[in-house]
Amino acid sequence: MIVLTAYFAAMSSFAFIMMWADKRQAQSRGPRIPEKRLWLVAVIGGGIGAYAGMMLFRHKTKHTNFRVGFFILALIQAGLLVWLALA
């Protein structure tokens, strides 16, 4: 349980930082992080951080697939963590 929680925390932190970095690059017209990479990190455990970063930095919020997809991933991953904590 502790290992899985640490894994989700690390991946969420990484996804959060990626959203911040991509937003900064978008503002300065620099090289961007590919959307596939953002999705990959969200799917493999960073959904909570990706969604939090998207909302906090107002990044990719006009893209319905990101807004809905990251929200669903965050719910699934949070639900999994709660389920594991109660099991």
Side-chain angles (χ1 to χ4, degrees):
M1 171 61 190
I2 293 172
V3 172
L4 193 57
T5 302
Y7 173 78
F8 276 114
M11 292 308 295
S12 287
S13 297
F14 185 56
F16 186 84
I17 291 167
M18 285 177 69
M19 293 300 283
W20 170 78
D22 195 47
K23 175 67 175 194
R24 299 236 340 153
Q25 291 295 78
Q27 290 171 330
S28 65
R29 301 197 190 281
R32 305 285 301 278
I33 297 172
E35 289 184 355
K36 284 183 179 182
R37 194 164 302 148
L38 295 173
W39 275 108
L40 175 65
V41 172
V43 167
I44 64 172
I48 296 168
Y51 184 73
M54 179 182 67
M55 299 310 288
L56 182 67
F57 305 124
R58 295 189 191 121
H59 187 53
K60 303 260 185 217
T61 55
K62 292 183 180 179
H63 298 264
T64 303
N65 61 336
F66 276 90
R67 207 173 53 246
V68 173
F70 282 0
F71 179 70
I72 291 170
L73 284 172
L75 282 179
I76 291 169
Q77 292 169 6
L80 178 63
L81 286 171
V82 168
W83 180 71
L84 288 171
L86 298 175

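The figures that follow rest on heavy atoms only: side chains count, while hydrogens, waters and symmetry mates do not. Note that the structure is a prediction, hence the values are computed from the model and not measured.
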Under 4.5 Å side-chain heavy-atom separation, chaining through any Ile, Leu, Val, Met, Phe, Trp or Tyr, what else clusters with Leu86? Say none if it is isolated. Val82

Hydrophobic cluster partners of Val3 (side-chain heavy atoms under 4.5 Å):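 Answer for Val3: none, a lone residue.
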
Within a reach of under 6.0 Å around CZ of Phe57, are more than 12 heavy atoms found that belong to other residues, nucleotides or ligands? yes

Flag if over 12 foreign heavy atoms under 6.0 Å of CZ, Arg32: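 More than 12 heavy atoms, drawn from other residues, nucleotides or ligands, come within 6.0 Å of this atom.
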
Over all atoms of both residues, closest heavy-atom pair of [X] and [Y]:
{"X": "Ala15", "Y": "Gly49", "answer": "CB-C, 4.2 Å"}
{"X": "Met1", "Y": "Leu84", "answer": "SD-CB, 3.5 Å"}
{"X": "Ala50", "Y": "Ala42", "answer": "CB-CB, 4.0 Å"}

Quick one: list whatever passes side chain to side chain contact (heavy atoms under 4.5 Å, CB included) with [X], sequence neighbours left out.
{"X": "Met11", "answer": "Tyr7, Val41, Ile44"}
{"X": "Ser28", "answer": "Gln25"}
{"X": "Phe66", "answer": "Glu35, Leu38, Trp39, Met54, Lys60, His63, Phe70"}
{"X": "Leu81", "answer": "Thr5, Phe8, Ile48"}

Same cluster or not: [X] versus [Y], using hydrophobic residues (I, L, V, M, F, W, Y) connected whenever any side-chain heavy atoms lie under 4.5 Å apart?
{"X": "Leu75", "Y": "Val68", "answer": "no"}
{"X": "Ile33", "Y": "Ile17", "answer": "no"}
{"X": "Leu40", "Y": "Phe71", "answer": "yes"}

Can you confirm whether Trp20 sits close enough to Leu56 that some side-chain heavy atom of one is under 4.5 Å from a side-chain heavy atom of the other?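 They are not in contact (no side-chain heavy atoms under 4.5 Å apart), so the answer is no.
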
Working to the nearest 0.5 angstrom, can you tell me the gap between Gln27 CD and His59 NE2?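 So the CD of Gln27 and the NE2 of His59 are separated by 9.0 Å.
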
